Amino acid sequence: MSGRTVITFGTFDVFHVGHLRIIERAAELGGRLVVGVSADALNISKKGRAPVFSQAERLAIVAALKPVDAVFVEESLEAKRDYLIEHGADVLVMGDDWAGRFDEFSDICEVVYLPRTPAISTTALIEKISGS
Ligand code: CTP
């Protein structure tokens, strides 16, 4: 258990407690936690808008967290298998908003979906702060 490498992915923009909780819970599943932080370009193509904080800023925030051992930039959604192999992942953790979507990787690692923290998201925060 303690020797396992856990990996998780996300944008982690406008960092909030839901982000912290999934990182803490992911870290408990192994001895080393690696986090893939999605690139600005990936977010623009995926969500149609740039993140509030740049990838360099988002990486710096996530890298500074106590449970996080290493971070890297996730440039492409298609490269997930390569990232898992490259970082020696034994466990892939995703929020349950992604439930079932990463089962294809269960041939190389354990795939775990954790429940999202209720009632908070980056999108909701941006809307609240901007008053829309
Ligand atoms: N997450 C969570 N609980 C929340 C929000 C996010 O557990 N309330 C998890 C997601 O499931 C994901 C990770 O945090 O595994 C990164 O999510 P991300 O998409 O960056 O954050 P969101 O707040 O969901 O962003 P958005 O509103 O832009 O979709």
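Just so it is clear, the model here is predicted, and its values are computed rather than measured. Just so you know, ligand 1 is whichever comes first in the structure, and atom 1 is the first atom listed for that ligand. Index from 1, following the sequence.
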Within a distance under 4.0 Å of any heavy atom of R49, pick out the atoms of ligand 1 and give their elements.
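Contacts of ligand 1 toward R49, numbered from 1: 28 (O).
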S121 neighbourhood, listing ligand 1 atoms whose heavy-atom distance to it stays under 4.0 Å
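Those atoms are 23 (O), 27 (O).
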Ligand 1 to [X] polar contact by distance, N or O atoms, under 3.5 Å:
X	result
F12	yes
P118	no
I120	yes
T11	yes

Counting non-hydrogen protein atoms only, what is the nearest one to [atom]? Give residue, atom name and distance.
atom	result
atom 3 (N) of ligand 1	T117 N, 3.1 Å
atom 5 (C) of ligand 1	R116 NH2, 3.3 Å
atom 27 (O) of ligand 1	T123 OG1, 2.6 Å
atom 15 (O) of ligand 1	G95 N, 3.2 Å
atom 21 (O) of ligand 1	H19 NE2, 2.9 Å
atom 11 (O) of ligand 1	D97 OD1, 2.8 Å

Using a heavy-atom cut-off of under 4.0 Å, does the side chain or the backbone of T122 touch ligand 1, or both, or neither?
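Contact part for T122 vs ligand 1: both backbone and side chain.
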Which segment of K47 sits under 4.0 Å of ligand 1 when only heavy atoms are counted
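K47 to ligand 1: side-chain contact only, backbone stays beyond 4.0 Å.
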Using only atom types and a distance under 3.5 Å, with no angle test, would you say the side chain of R58 pairs donor to acceptor with the backbone of F53?
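The answer is yes, because a donor-acceptor pair under 3.5 Å joins these two groups.
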Do D69 side-chain atoms and V34 backbone N/O form a donor-acceptor pair below 3.5 Å?
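Checking the backbone N and O of V34 against the side chain of D69, no donor-acceptor pair under 3.5 Å is found.
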I would like to know whether T117 and R25 meet side-chain contact (heavy atoms from CB on, under 4.5 Å); could you show each step before the answer?
CA-CA 11 Å; T117 300; R25 287 177 292 157; 4.2 Å; yes
Does even one non-hydrogen atom of H16 get within less than 4.0 Å of ligand 1?
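Flag set, H16 near ligand 1.
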Less than 4.0 Å is my threshold; does some heavy atom of R58 fall inside it relative to ligand 1?
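Not so, R58 does not reach ligand 1.
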With side chain to side chain donor-acceptor pair (under 3.5 Å) as the criterion, how do N43 and S38 come out once you've worked through the C-alpha distance, each side chain's angles and the decisive distance to 0.1 Å?
CA-CA 7 Å; N43 278 280; S38 57; 2.9 Å; yes
Report yes if the side chains of R49 and I126 come closer than 4.5 Å at any heavy-atom pair, otherwise no.
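Result yes, sub-4.5 Å side-chain heavy-atom pair found.
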Side chains of T122 and H19, heavy atoms from C-beta outward: is any pair under 4.5 Å?
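In short, these two side chains touch, coming nearer than 4.5 Å.
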Does the cation-pi check pass for K80 over F105, that is, NZ or CZ under 6.0 Å from the six-membered ring centre and within 45° of its axis?
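Here K80 fails the 6.0 Å and 45° test against F105.
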Please assess T11 against K46 for the test side-chain contact (heavy atoms from CB on, under 4.5 Å), listing each intermediate value before the final yes or no.
CA-CA 11 Å; T11 307; K46 204 171 63 178; 4.0 Å; yes
Going through the distances and angles, do F15 and E57 end up as a side-chain contact (heavy atoms from CB on, under 4.5 Å)?
CA-CA 10 Å; F15 196 89; E57 292 167 331; over 6 Å; no
Trace of the side-chain contact (heavy atoms from CB on, under 4.5 Å) decision for V71 with F12:
CA-CA 12 Å; V71 293; F12 302 105; over 6 Å; no
